[in-house]
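All values reported here derive from a predicted model rather than from experimental measurement. Note that ligands are numbered from 1 as they come in the structure, with each ligand's atoms numbered from 1 the same way.
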Amino acid sequence: MEAIDVLVVGAGLAGLHTARRIAGAGLDVLVVDRRASLSVGIRTTGIFVRRTLDDFDLPAHALGPGIRDVLLYPPSRRDPVRLASGRDEYRVADMAAVYDHALLAARAAGARVRLGVRYTGRISAGTVRLSDGPLVTRFIVGADGARSRVARDLGLDVNRHLIVGAELVYPIRSGGDGPAFHCVLDPRIAPGYLGWVVDDGRHAHVGVAGYPHLMRGGLRATLAQFARTAPGAVPPAGPVGRRGGPIPVGGVLRRLAGPGGLLVGDAAGAVSPLTAGGLDPCLRLSELAAEVTVGYLRTGDAAVLRRYAGAPLRARFRGRLLMRRLLSGVRSPAAAEAAVALLRTGPGRAAAARILFGDGSFPDPGPAPRVTAARRPAA
Ligand SMILES: Cc1cc2nc3c(=O)[nH]c(=O)nc-3n(C[C@H](O)[C@H](O)[C@H](O)COP(=O)(O)OP(=O)(O)OC[C@H]3O[C@@H](n4cnc5c(N)ncnc54)[C@H](O)[C@@H]3O)c2cc1C
């Protein structure tokens, strides 16, 4: 039977980045993803924040124009609050190209990637079942998204607090007012979150997210309704794509690692509870996950694994978890109008600018502990 050091389940950004780092340290890594191609079944809008663009090597050709303006609309859509930054705060990426780049980088570092292969469970502590046969692995990295099967199989924490998001992707003509990020606070279309319109230079992404049980008529109908009245440039033609999926907003999970493996990305709940941005967190946490995996497999020292704990990160999320509760509490159009009116005040604008243009999307997990003594390698 095939035997490897590390199986990474999921070739999203979290899985590919973690695999790249682990393989770069010389371990034998296999990544599997149930998707046959990474350019299909994309779930995310692909908005990258400045901090990610500064810290990680994203392919320049995949990034749309810099976005500096954010417009926050109340349910009436009248008189939006406009916040302007002096620098490019966001870029929307062509995610197929970003995944392709991450795939090539993982392979260049020595990871093997098998697409169209599904992880279906653990047979025993060291053996897993894949759709193309069983495999022996020393360690599993669960990068399999918000509803992680790996998390359940390893007895780690699972996401319980989820919203759902969906968007339509429209072609746009070049020209117009320049790129801007339009956000609509309206609990009728996005209960507990926002509706958005943003463009990547070639496509306009029109989306909604929120608590599904509060979306009257369901997510699909709500999105169609929003798309008919969405602010920003009106797309000249029908949608060419549709994206969507669950988004964990309960904060990073507490128990993220055990002797059999660990979790990264959405599987770890590494998403900002307030903004629902997960692309920066998944990359940042992947760095630590890779260091911990390599350190643990080289030494067998459980103390290395304990460094990969969610509790300290959760503590740094307190403010954002509180704001998530406040956002969830905006249940009527009148409350949303009042919330946007607050953002028109000096302190309201300053707070919104801090959230939207600040550097705090995800706390830096910090370096893993240095591995000093070589102990018994983990079995
Ligand atoms: C509609 C929407 C818009 C969003 N927009 C943004 C945004 O603009 N900016 C931002 O920062 N965040 C955004 N997010 C959140 C962000 O996309 C995620 O946090 C991020 O993509 C998570 O990456 P990941 O690698 O952890 O998971 P994923 O990208 O979901 O990757 C998980 C992978 O695991 C694979 N998989 C799952 N189960 C198995 C299995 N059993 N066997 C094999 N493979 C498996 C899946 O096929 C998938 O490829 C958005 C989310 C949604 C739903």
Applying a strict 4.0 Å limit to heavy atoms, is R35 in contact with ligand 1?
yes
With a 4.0 Å cut-off on heavy atoms, is R43 in contact with ligand 1?
yes
If you have a sec, work out which protein heavy atom is nearest atom 27 (O) of ligand 1 and how many Å separate them, to one decimal?
G145 CA, 4.2 Å
For the residue pair R35 and Y99, would you count it as a cation-pi contact if the rule is NZ or CZ under 6.0 angstrom from the ring centre and within 45 degrees of the ring axis?
yes
Under 4.0 Å from one or more heavy atoms of G12, ligand 1 contributes atoms 25 (O), 29 (O), 31 (O)
In terms of atom number and element, which parts of ligand 1 are under 4.0 angstrom from non-hydrogen atoms of G10?
33 (C), 34 (O), 35 (C)
Within 4.0 Å of some non-hydrogen atom of L13, the atoms of ligand 1 are 25 (O)
Joint hydrophobic cluster, V330 plus L194, side-chain heavy atoms closer than 4.5 Å:
no
Relative to ligand 1, is R34 under 4.0 angstrom through side chain, backbone, both or neither, heavy atoms considered?
both
In terms of residue, atom name and distance, what is the protein heavy atom nearest to atom 9 (N) of ligand 1?
I47 O, 3.0 Å
Could you tell me the residue and atom name of the protein heavy atom closest to atom 6 (C) of ligand 1, and the distance to it rounded to 0.1 Å?
T44 OG1, 3.1 Å
So is there a nitrogen or oxygen of P246 less than 3.5 Å from a nitrogen or oxygen in ligand 1?
no
Quick one: nearest non-hydrogen protein atom to atom 24 (P) of ligand 1, plus distance?
A14 CB, 4.0 Å
Which pair of non-hydrogen atoms, one from V208 and one from W196, has the smallest distance, and what is that distance?
C-CZ3, 3.5 Å
So is G278 polar-close to ligand 1, meaning N/O to N/O under 3.5 Å?
yes
R20/E287 ion pair, N-O < 4.0 Å
no
Can you confirm whether R114 is buried at CZ, in the sense that more than 12 heavy atoms of other residues, nucleotides or ligands lie under 6.0 Å from that atom?
yes
Using a strict threshold of under 4.0 Å (side-chain N to carboxylate O), is an ion pair present between R284 and D55?
yes
In terms of the angle between their ring planes, are F357 and Y90 parallel, tilted or perpendicular, with boundaries placed at 30° and 60°?
tilted
Among all the protein's non-hydrogen atoms, which is closest to atom 23 (O) of ligand 1, and how far away is it?
C282 SG, 4.2 Å
Taking all non-hydrogen atoms of both residues into account, name the closest pair between D301 and A303 and its distance.
OD1-N, 2.9 Å
So is G46 touching ligand 1 or not, going by heavy atoms under 4.0 Å?
yes
Determine, stepwise, if the pair V8 / V113 fulfils side-chain contact (heavy atoms from CB on, under 4.5 Å).
CA-CA 9 Å; V8 178; V113 183; over 6 Å; no
Ligand 1 contact by R243, heavy-atom criterion under 4.0 angstrom:
no
Please check if atom CZ in R216 has more than 12 non-hydrogen atoms from other residues, nucleotides or ligands closer than 6.0 Å.
no
Hey, does A166 come in under 3.5 Å of ligand 1, counting only N/O atoms on both sides?
no
Find all atoms of ligand 1 within a distance of less than 4.0 Å from any non-hydrogen atom belonging to G165, and give their numbers and elements.
1 (C)
When every non-hydrogen atom of L313 is compared with those of L285, the smallest separation belongs to CD1-CD1, 3.9 Å
Using a cut-off of 6.0 Å, state whether more than 12 heavy atoms not belonging to R82 lie near its atom CZ.
no
What part of A143 sits under 4.0 Å from ligand 1 if we count only heavy atoms: the side chain, the backbone, both or neither?
backbone
At under 4.0 Å between heavy atoms, what of V117 touches ligand 1? The answer is backbone
Which heavy atom in V252 sits nearest to a heavy atom in R314, and how many Å separate them?
O-NH1, 2.8 Å
Geometric N/O contact E167 with ligand 1, under 3.5 angstrom:
no
Ligand 1 atoms nearer than 4.0 angstrom to some heavy atom of G265 are 26 (O)
Which protein heavy atom lies closest to atom 41 (N) of ligand 1, and at what distance to 0.1 Å?
Y119 O, 3.0 Å
Nearest option to atom 22 (C) of ligand 1, as decided by whichever heavy atom of V150, D33, D266, I247 sits closest
D266
Is it the case that the side chains of D199 and H205 hold a donor-acceptor pair, with the cut-off being a distance below 3.5 Å and no angle test?
no
Heavy-atom distances under 4.0 Å decide this one: backbone, side chain, both or neither, for L279 against ligand 1?
both
Any atoms of ligand 1 less than 4.0 Å from a non-hydrogen atom of V9? List them with their elements.
40 (C), 42 (N), 43 (C)
Mind telling me whether H182 and Y73 have parallel, tilted or perpendicular rings, with 30° and 60° as the class edges?
tilted
Decide whether an N or O pair under 3.5 Å exists between G245 and ligand 1.
no
